[in-house]
Amino acid sequence: MTLDRVEFIEVLKDSYSAYYDIVTDTETDLPLAFRADYRNQDEHYWFTKSARVWVNERNEFAYVFTAESFDRDLVERCFDFALADGLPRVRPHKDHQCTNIKVVFVADRLEEDVAKAVARKNFTRNYKFGLYGFTNLLTGAVDLEKEKTVTNHVGHELVPYFKKLFAARSEKTGRN
């Protein structure tokens, strides 16, 4: 028995909403379920707030696409949309460490060529030779039928995250 995609998207949206701002009204003809925006700024002071020692800003824009299945053309269009929408949101400055763009595909079935395309997708941009931070593209695809996750080398953090979601779903339904 496979996981229900609509229910899985709701669980995923609920999981992201703990730390991310959820945006669902993005206008596109692509199967975008939602965008999740994360912003974090860490600061360290010396006695008072006016004596800052360091500031570190990290951001992330996650795009979650969902469909029964994806073909390579649709996956490439989704990548292009996420980069075109996410890169203008990057505001590099001296305290900016990174702004990552995460693209996640959730499908009932995932073909092998689509999984390879997701795993091979790569994008990196440095701002002022890295002094003003960088942007990486993290990609992941979830096959609900096989309960399998595929990522590129930068998005390896998604594998344990989705394994926890699969395990929580299995415990909830009593499946093995």
Side-chain angles (χ1 to χ4, degrees), residues 1-42 57-91 98-111 114-115 117-119 121 123 135-176:
M1 183 175 157
T2 62
L3 296 173
D4 181 39
R5 185 169 30 97
V6 175
E7 184 180 327
F8 188 79
I9 290 295
E10 287 304 315
V11 169
L12 188 60
K13 189 185 295 186
D14 186 48
S15 174
Y16 270 103
S17 69
Y19 296 102
Y20 290 70
D21 297 326
I22 305 296
V23 179
T24 57
D25 60 352
T26 305
E27 291 187 26
T28 180
D29 60 338
L30 299 170
L32 180 66
F34 64 91
R35 184 185 83 224
D37 300 347
Y38 173 78
R39 290 178 176 81
N40 182 20
Q41 182 172 326
D42 296 325
E57 181 181 306
R58 290 168 299 186
N59 304 309
E60 184 172 278
F61 302 106
Y63 296 83
V64 178
F65 296 93
T66 181
E68 189 174 314
S69 65
F70 289 94
D71 61 2
R72 289 187 70 170
D73 179 52
L74 181 58
V75 165
E76 285 301 321
R77 287 189 4 224
C78 292
F79 282 135
D80 293 342
F81 172 79
L83 287 172
D85 189 62
L87 286 176
R89 298 176 192 282
V90 179
R91 302 285 182 246
C98 66
T99 298
N100 291 325
I101 298 173
K102 185 185 294 181
V103 181
V104 177
F105 300 96
V106 178
D108 293 334
R109 290 177 309 287
L110 201 60
E111 302 298 327
V114 174
V118 169
K121 189 66 174 179
F123 178 86
T135 296
N136 281 328
L137 177 67
L138 290 74
T139 66
V142 178
D143 185 338
L144 294 175
E145 190 173 274
K146 298 176 186 172
E147 293 189 13
K148 180 181 171 189
T149 305
V150 177
T151 67
N152 67 352
H153 67 284
V154 184
H156 62 85
E157 69 188 35
L158 294 171
V159 174
Y161 173 71
F162 284 114
K163 281 185 180 180
K164 286 180 184 177
L165 286 181
F166 289 143
R169 173 70 179 130
S170 295
E171 288 174 8
K172 183 178 174 184
T173 60
R175 294 182 323 132
N176 289 332

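These numbers come from the heavy atoms of this one structure, side chains and all, not from hydrogens, waters or symmetry mates.
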Atom [atom1] in [X], atom [atom2] in [Y]: separation rounded to 0.5 Å?
{"X": "Thr151", "Y": "Phe162", "atom1": "OG1", "atom2": "CZ", "result": "10.0 Å"}
{"X": "Asn136", "Y": "Phe123", "atom1": "CG", "atom2": "CZ", "result": "9.0 Å"}
{"X": "Leu144", "Y": "Arg109", "atom1": "CG", "atom2": "CZ", "result": "11.0 Å"}
{"X": "Phe34", "Y": "Leu32", "atom1": "CZ", "atom2": "CG", "result": "8.5 Å"}

Exercise for the section: May I have the step-by-step check of side-chain hydrogen bond (donor to acceptor under 3.5 Å, both in side chains) for Tyr63 and Asp85, ending in yes or no? Expected result: CA-CA 10 Å; Tyr63 296 83; Asp85 189 62; 2.6 Å; yes
Practice task
Take atom NZ of Lys148 as the centre, draw a 6.0 Å sphere, and report whether it contains more than 12 heavy atoms from other residues, nucleotides or ligands.
Solution key: no
State whether [X] and [Y] are salt-bridged, where the test is any N-O pair (Lys NZ or Arg NE/NH1/NH2 against Asp/Glu carboxylate O) under 4.0 Å.
{"X": "Asp21", "Y": "Arg35", "answer": "no"}
{"X": "Asp108", "Y": "Arg5", "answer": "yes"}
{"X": "Lys163", "Y": "Glu147", "answer": "no"}

For the student: nearest non-hydrogen atoms of [X] and [Y], plus distance:
{"X": "Glu157", "Y": "Leu138", "value": "OE2-CD2, 3.6 Å"}
{"X": "Arg72", "Y": "Val114", "value": "N-CG2, 3.9 Å"}
{"X": "Ala141", "Y": "Leu110", "value": "CB-CD2, 3.4 Å"}
{"X": "Pro31", "Y": "Phe70", "value": "CG-CE2, 3.9 Å"}
{"X": "Val118", "Y": "Val150", "value": "CG1-O, 4.2 Å"}
{"X": "Arg58", "Y": "Asp42", "value": "NH2-OD2, 2.5 Å"}

Can you find a pair of side-chain heavy atoms, one from [X] and one from [Y], that are under 4.5 Å apart?
{"X": "Tyr16", "Y": "Tyr38", "result": "no"}
{"X": "Arg77", "Y": "Leu30", "result": "yes"}
{"X": "Phe8", "Y": "Leu165", "result": "yes"}
{"X": "Leu87", "Y": "Thr135", "result": "yes"}
{"X": "Asn59", "Y": "Val90", "result": "no"}
{"X": "Leu83", "Y": "Ile101", "result": "yes"}
{"X": "Val103", "Y": "Phe81", "result": "no"}

Problem - Verdict with reasoning, Ser17 to Asp14, per side chain to side chain contact (heavy atoms under 4.5 Å, CB included) - result: CA-CA 5 Å; Ser17 69; Asp14 186 48; 3.8 Å; yes
Exercise for the section: Let me see the working for Lys102 and Leu158 under side chain to side chain contact (heavy atoms under 4.5 Å, CB included), right down to the final yes or no. Expected result: CA-CA 10 Å; Lys102 185 185 294 181; Leu158 294 171; 3.8 Å; yes
Handout entry: Asn152 (side chain) donor-acceptor with Thr139 (main chain) under 3.5 angstrom
Key = yes
Problem - Asn40 side chain vs Glu57 backbone, donor-acceptor pair below 3.5 Å - result: no
Practice task
Decide whether Tyr161 and Ser15 meet the rule of one side-chain donor and one side-chain acceptor closer than 3.5 Å.
Solution key: yes
Exercise for the section: Take Glu60 and Asp37, measure what side chain to side chain contact (heavy atoms under 4.5 Å, CB included) needs, and give me the verdict at the end. Expected result: CA-CA 6 Å; Glu60 184 172 278; Asp37 300 347; over 6 Å; no
Practice task
Please find out if less than 6.0 Å separates the ring center of Phe79 from that of Phe105.
Solution key: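 Ring-ring flag for Phe79/Phe105: true, centres closer than 6.0 Å.
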